[in-house]
Amino acid sequence: MSEPILSARDVVVKFSLRGQVLTAIREASLDLYEGQTLAIVGESGAGKSVLTKTFLGMLDANGWVDSGSVMFEGKDLAKFATEREWLTIRGKKIAMVFQDPMTALNPLRTVGMQIHEVLELHQGLKGEAARRRTIEILGQVGIGDPGMRYSQYPHEFSGGMRQRVVIAIAVACNPRILICDEPTTALDVTIQAQILELIRALQTRLGLTIIYITHDLGVVANVADRVAVMYAGDIIEYGTAEEVFYDPQHPYTWALLSSLPQLGVRGRPLYSISGTPPNLFSEIRGDAFAPRNPRALKIDYVARPPYFKVTESHFARTWLLDSRAPKVEPPETIRAMRAKYVR
């Protein structure tokens, strides 16, 4: 297996809120491999966006990386402390596509100027050279008549076109890593497919390594090479898309997959995960998912499980993989998917 382009190890992120400290990321670890697509999945509030913001230095002012490392190009991004340091990375080497293009774009500036300023800041292009390059980029992301569109404002674009503009801004400086934070959430189904296809085409053309942040497992199945499953600020399972979909090991991953509507049975109620995620202001003992897990072991309430190795590329943080654990069968849906994978 090749060396990862980015490697996060035991990352802890905390926020100060109303005099209390919230631990948003709890010793999360993952590897990102060049040219591949990694999908980070989990419920809202799992920490998906917060974790990736540590790769860009975009945490809110009341948040900080308390411990751990994020290694990229021989540098530990977790130790960056100044905006000057982050400007060598943000936009230039690692860029982000946000989920709501209307709030990501400045309504008072033309679309062309918003791409233009990125080229000035990171590429040193000015004047007519920057304008020509901006029009070229608008064309690359599928915007018709880019010369005319250059002078228009965000409100003159449809939702799908605005998302293409946000993507254009992100790829303007040919970054090595592109983070897509729910890039299709606000779009209808047909436009979603177009945006996903655009990102896939740009990945091939520009040699991008991509991180998708999403809760849509249908999107994950279509785009991901590897999958990281997050729960309560921790990555509880990590593997190739085939391993996570067809041979999941953590009970939370079982629950997520069992919740897919397309795996439901006619006449039976759709599966839903009972309970709510834990309070991140409080210390979490054991496996964070244990209170919501009908298959939890006694030790799940006492000690946090380490990562257990399933294959060279597949790891899961669950006591069920300990050699001393009793044999616990996954839900029927998961057993059926696993049988398909084995064949």
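This chain uses plain numbering: 1 for the first residue, then up along the sequence.
Of the possible polar contacts, none joining the Ser151 side chain to the Met148 backbone as a donor-acceptor pair under 3.5 Å is found. With hydrogens and angles ignored, the 3.5 Å screen pairs no side-chain donor or acceptor of Arg304 with any backbone N or O of Asp287. In this structure, Ser7 contributes its side chain and Pro4 its backbone to no donor-acceptor pair below 3.5 Å. Panel note: side chain Trp319, backbone Ala303; a donor-acceptor pair is recorded below 3.5 Å. Although no hydrogens or angles enter the test, the distance criterion places no donor-acceptor pair under 3.5 Å between the side chain of Gln20 and the main chain of Leu17. Remark: side-chain polar atoms of Thr134 are paired, donor with acceptor, to backbone N or O of Ala130 under 3.5 angstrom. Side chain of Thr204 to backbone of Arg200: a donor-acceptor contact under 3.5 angstrom is found. In this structure, the side chain of Glu237 does not engage the main chain of Val244 through any donor-acceptor pair within 3.5 Å. Side chain of Ser259 to main chain of Ser272: no donor-acceptor pair is present (N/O by atom type, distance under 3.5 Å, no hydrogens or angles). In terms of modelled atom types and a separation under 3.5 Å, the side chain of Thr209 and the main chain of Gly35 share a donor-acceptor contact.
Under the 4.5 Å side-chain heavy-atom criterion for ILVMFWY residues, a single connected hydrophobic cluster contains both Val310 and Val328. Val12 and Leu30 fall into different hydrophobic clusters, where Ile, Leu, Val, Met, Phe, Trp and Tyr side chains are chained together by heavy-atom contacts under 4.5 Å. Under a hydrophobic clustering in which Ile, Leu, Val, Met, Phe, Trp and Tyr are joined whenever their side-chain heavy atoms come within less than 4.5 Å, directly or via other members, Met102 and Val111 fall into different clusters. Linking ILVMFWY residues whenever their side-chain heavy atoms come closer than 4.5 Å, directly or via other members, places Leu206 and Leu178 in the same cluster.
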| task | Kindly indicate, with the supporting measurements, whether the criterion side chain to side chain contact (heavy atoms under 4.5 Å, CB included) is fulfilled by Lys53 and Leu56. | result | CA-CA 5 Å; Lys53 283 180 178 180; Leu56 288 156; 5.7 Å; no

For this session: Walk me through it: do Thr110 and Gln152 pass the test side chain to side chain contact (heavy atoms under 4.5 Å, CB included)?
Result: CA-CA 5 Å; Thr110 65; Gln152 292 186 324; over 6 Å; no

* Going through the checks in order, is the side chain to side chain contact (heavy atoms under 4.5 Å, CB included) test met by Leu32 and Ile177? -> CA-CA 9 Å; Leu32 181 64; Ile177 298 173; 3.8 Å; yes

Practice task
Carefully, step by step, assess Asp234 and Arg317 under the rule salt bridge (charged side-chain N to carboxylate O under 4.0 Å, His left out).
Solution key: CA-CA 9 Å; Asp234 189 14; Arg317 198 190 278 279; 2.8 Å; yes

* Between Glu197 and Arg164, does a salt bridge (charged side-chain N to carboxylate O under 4.0 Å, His left out) hold up when you go through it step by step? -> CA-CA 11 Å; Glu197 183 54 41; Arg164 289 174 186 269; over 6 Å; no

- Show your reasoning for whether side chain to side chain contact (heavy atoms under 4.5 Å, CB included) applies to Ile143 and Met161. CA-CA 7 Å; Ile143 293 179; Met161 296 293 272; 3.8 Å; yes

- Quick one: do Glu332 and Arg335 satisfy salt bridge (charged side-chain N to carboxylate O under 4.0 Å, His left out)? Show the steps, please. CA-CA 5 Å; Glu332 180 183 344; Arg335 293 200 299 272; 5.1 Å; no

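Heavy atoms only, all atoms of each residue included: Gln140 and Leu198 are closest at O-CD1, 3.9 Å. Between Val65 and Ala78, the shortest heavy-atom contact is CG1-CB, 3.9 Å. For Val118 against Cys173, the heavy-atom pair with the smallest separation is CG1-SG, 3.5 Å. The two residues Gly45 and Leu280 come nearest to each other via the heavy atoms O-CD1, 4.4 Å. Considering all non-hydrogen atoms of both residues, Phe157 and Arg162 come closest at O-NH1, 2.6 Å. Contact record, Pro175 with Ile94: CB-N, 4.2 Å, taken as the closest heavy-atom pair.
The list of salt bridge (Lys or Arg N to Asp or Glu O under 4.0 Å) pairs with a residue in residues 149-160, not counting sequence neighbours, is empty. For residues 69-79, the side-chain hydrogen bond (donor to acceptor under 3.5 Å, both in side chains) pairs, not counting sequence neighbours, are Glu73-Lys93, Glu73-Arg176, Asp76-Lys79. Applying the side-chain hydrogen bond (donor to acceptor under 3.5 Å, both in side chains) rule to pairs touching residues 212-223 yields Glu182-His215, sequence neighbours excluded.
Note that CG of Leu202 and CG of Leu208 are 6.5 Å apart. Values are rounded to the nearest 0.5 Å. Atom CG of Leu257 is separated from atom OH of Tyr271 by 11.0 Å, given to the nearest 0.5 angstrom. The CD atom of Glu3 sits 7.5 Å away from atom OH of Tyr33, with the distance rounded to the nearest 0.5 Å. A distance of 11.0 Å separates CG in Leu38 from CD1 in Ile210, rounded to the nearest 0.5 Å. One finds the CD1 atom of Ile115 at 5.5 Å from the CD1 atom of Ile169 (value rounded to the nearest 0.5 Å). The CE atom of Met230 sits 7.0 Å away from atom CD1 of Ile40, with the distance rounded to the nearest 0.5 Å.
In this structure the side chain of Thr23 reaches within 4.5 angstrom of the side chain of Arg26, judged on heavy atoms. The shortest side-chain heavy-atom distance between Asp66 and Val13 does not fall under the 4.5 Å cut-off. In this structure the side chain of Thr318 reaches within 4.5 angstrom of the side chain of Pro251, judged on heavy atoms. Between Ile89 and Phe80, some side-chain heavy-atom pair lies under the 4.5 Å cut-off. Using a 4.5 Å heavy-atom cutoff, the side chains of Phe55 and Leu6 are in contact. Within the 4.5 Å cutoff, no side-chain heavy atoms of Asn279 are placed close to those of Ile284. Considering only heavy atoms from C-beta on, Glu83 comes within 4.5 Å of Arg90 through its side chain. Ser258 has its side chain within reach of Ile334: a pair of non-hydrogen atoms, C-beta onward, lies under 4.5 Å apart.
Using a 4.0 Å cut-off between charged nitrogen and carboxylate oxygen, Arg285 and Glu283 do not count as a salt-bridge pair. A salt bridge between Arg9 and Asp31 is present, with a side-chain N of the basic residue lying under 4.0 Å from a carboxylate O of the acidic one.
Under the rule for a side-chain contact (heavy atoms from CB on, under 4.5 Å), the partners of Asp60 that lie at least two apart in sequence or sit in another chain are Phe15, Asn62. Evaluation of the ring-ring contact (aromatic ring centres under 6.0 Å, His included) rule for Phe245 yields no partner, not counting sequence neighbours. For Tyr231, the ring-ring contact (aromatic ring centres under 6.0 Å, His included) criterion is met by Tyr252, Phe289, not counting sequence neighbours.
Remark: the Thr37 side chain and the Gln203 side chain contain an N/O donor-acceptor pair separated by less than 3.5 Å. In this model, a donor atom of one side chain and an acceptor atom of the other lie less than 3.5 Å apart for Glu243 and Thr311.
Figure legend: cation-pi geometry between Arg226 and Tyr238 absent, as NZ or CZ is not positioned both under 6.0 Å from the six-membered ring centre and within 45° of its axis.
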